[in-house]
Amino acid sequence: MASSVRVRFAPSPTGRLHIGGARTAIYNWAFARANGGAFILRIDDTDPTRSTEENTQVILRAMRWLGLDWDEGPEVGGPCGPYAQTERMDLYRQAAEKLLAEGKAYPCFCTPEQLEADRQAAKERKDPFQGYQRRCRSIPVDEARKRMEAGEPYTLRIKVPEDRGDVVVEDAVHGRVVFDAKELDDFVIFRSDGTPTYNFATVVDDAAMGITHVIRGDDHLSNTPRQVIVYEALGAPTPTFAHISMILGADGKKLSKRHGATSVEEYRDAGYLSDAFVNYLALLGWSLDGETTVIPRDVLASQFSLERISKNPATFDPKKLDWMNAEYLNRMSDAEFADRVLTPELEEAGLVESADAISCSDMLLLASIVKPRVKMLGQVAGVCGMIFKTADTLEYDEKSVKKGLAKEGMRAVLDAAASALGAIADDDWTAEKIDAALEPLPEALDLKKRAVFQAVRVAVCGVMVSPPLGETMQLVGKADCLARIERAKGLAL
Ligand code: GLU
């Protein structure tokens with residue numbers, strides 16, 4: 001069902017995509033999806049000193065990793081392109097010229113010194129209005145034209161209608177917000193270097209792109225009255241605004257580097273699942289019903305609503321994010337885990353050249369023993385990497401050897417284990433048979449069960465902590481298990 005809802009996410013490529021930006025993108029995406037509308041990605045790269053193509057690429061990659069597909073924007077195109085502001089300069093110029101011709105904007109020739117002097121004077125006489133004093137507003141049009149043509153530097157200012165009154169915004173999150181008319185000055189829409197200001201370019205674009213809802217961080221709430229003035233001057237309908245609250249760190253301060261990783265790719269690299277990450281960020285300021293925490297992407301995309309966005313700042317809690325990630329991993333079926341987690345992780349860690357070489361049943365068995373033991377994707381190799389070693393390449397952890405193998409009687413344990421395991425027919429090499437073969441050893445050797453199993457575990461895995469021994473040994477294979485035990489005898493006493 002197509003609807004008229006059109007929203008945009010408009011990052012400035014002055015840095016990486018951060019948690020706050022990612023949440024804004026998620027809300028816009030989910031709102032578009034929930035309403036059968038269009039999600040537009042626009043690159044606000046008008047700040048030439050701080051915008052880079054590399055950052056744009058990083059942002060696009062992060063958006064893809066988050067799974068936030070855009071209907072119009074870079075690389076996919078669309079009817080309202082181009083979708084980078086630096087490629088839209090002509091549109092801003094045309095819009096400004098139109099306002100100039102209609103007498104809704106005027107050139108201002110005031111020097112920075114003049115402006116500063118006016119500001120100081122207003123301050124001294126305690127004028128409640130400290131904005132631009134409208135000096136150039138009264139310059140006759142012909143005279144202004146002549147000065148412009150003569151090459152005198154100027155900015156373009158918007159003419160706020162004298163009778164405009166307070167600007168009232170019915171914000172979908174904050175409710176009614178009233179901006180005092182006295183606060184509104186004739187602000188600059190084009191700088192003297194010929195570049196548009198943020199408030200102007202944004203509105204020209206949002207109007208041209210037919211944006212119906214502007215969902216963004218509430219650091220932009222204070223820009224909204226000026227943007228409303230621009231919409232009115234352009235004769236374009238004002239969209240619905242929804243300003244979402246800040247994300248705070250545990251100390252109640254605005255989230256920043258001090259609180260740890262802030263960029264999306266740092267979370268990707270740390271081993272979070274994008275579904276879990278999106279779910280967690282969505283809950284920073286929005287709720288489905290006030291209690292549900294695990295909200296799959298399709299539910300978010302069908303149930304998201306502006307009404308359930310909270311006015312209060314949300315607190316970023318890395319522990320909850322970790323919990324969410326583990327929850328997502330655990331809810332996967334073994335097949336899904338094998339496919340989405342094991343395959344890429346094993347290949348990336350260089351443990352296997354291609355996961356295709358592992359049989360389907362081994363892969364499922366591996367998934368069943370690894371899944372409950374990882375909270376993060378990057379932990380996969382640590383949990384099961386030893387399975388993919390050989391008797392020659394396995395590394396023995398010194399502490400584990402000391403605790404589990406280098407003790408009186410352990411050599412005898414390995415001897416007994418080797419002969420019990422060796423008696424299992426090759427075709428019968430299953431966790432069940434392995435467990436059954438090892439089971440009688442403690443009694444036969446008159447040793448504690450723990451000591452026996454620890455010795456075999458360290459011999460086969462190189463470490464004291466591993467997934468269940470039978471399953472692990474099944475995956476290692478009979479010949480390799482026996483070879484590992486043989487090698488470990490050299491470490492046992
Ligand atoms: N480029 C602006 C930013 O990144 C967009 C603000 C807006 O959504 O209007 O803050």
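Model, not experiment: these values are computed from the prediction. In each ligand, atom 1 is the first atom listed, and ligand 1 is the first ligand listed.
Evaluation of the ring pair (Phe, Tyr, Trp, His ring centres under 6.0 Å) test over residues 292-319, restricted to residues two or more places apart or in two chains, returns Y27-F304, Y280-F316, W286-F304.
Ranking the protein heavy atoms by distance from atom 2 (C) of ligand 1 puts A10 O, 3.5 Å first. Among all non-hydrogen protein atoms, the one lying nearest atom 8 (O) of ligand 1 is R8 NH1, 2.6 Å. Ranking the protein heavy atoms by distance from atom 9 (O) of ligand 1 puts Y198 OH, 2.7 Å first.
At a 4.0 Å cut-off, not a single heavy atom of Q227 sits close enough to ligand 1 to count as contact. The closest approach between a heavy atom of F9 and any atom of ligand 1 is not below 4.0 Å.
In summary, R134 and E162 engage in a salt bridge, as defined by a charged side-chain N under 4.0 Å from a carboxylate O. A salt bridge does not link D45 to R88: none of the charged nitrogens lies less than 4.0 Å from a carboxylate oxygen. Using a 4.0 Å cut-off between charged side-chain N and carboxylate O, K254 and D219 make no salt bridge. Looking at E149 and K146, no side-chain N of the basic residue comes within less than 4.0 Å of a carboxylate O on the acidic one, giving no salt bridge.
Under the 30°/60° scheme for interplanar angles, the aromatic rings of F200 and F190 are found to stand perpendicular.
For ligand 1 and H220, the ligand atoms under 4.0 Å from any heavy atom of the residue are 3 (C), 6 (C), 10 (O). Contact atoms of ligand 1 toward D44: 1 (N), 2 (C), 5 (C) (distance under 4.0 Å to a heavy atom of the residue). If you number the atoms of ligand 1 from 1 as listed, the ones under 4.0 Å from a heavy atom of S12 come out as 1 (N), 2 (C), 3 (C), 4 (O). Residue-ligand proximity, R216 to ligand 1, at heavy-atom distances under 4.0 Å covers atoms 7 (C), 8 (O), 9 (O).
With hydrogens and angles left out, the side-chain atoms of T224 and H243 include a donor and acceptor closer than 3.5 Å.
Considering backbone and side-chain N/O of T202, none are found under 3.5 Å from N/O of ligand 1. Annotation: V214 places no N or O atom under 3.5 Å from an N or O atom of ligand 1; distance criterion only.
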For this session: Could you walk me through whether W65 and F277 pass ring-ring contact (aromatic ring centres under 6.0 Å, His included), step by step?
Result: CA-CA 10 Å; W65 180 73; F277 191 65; 5.8 Å; yes

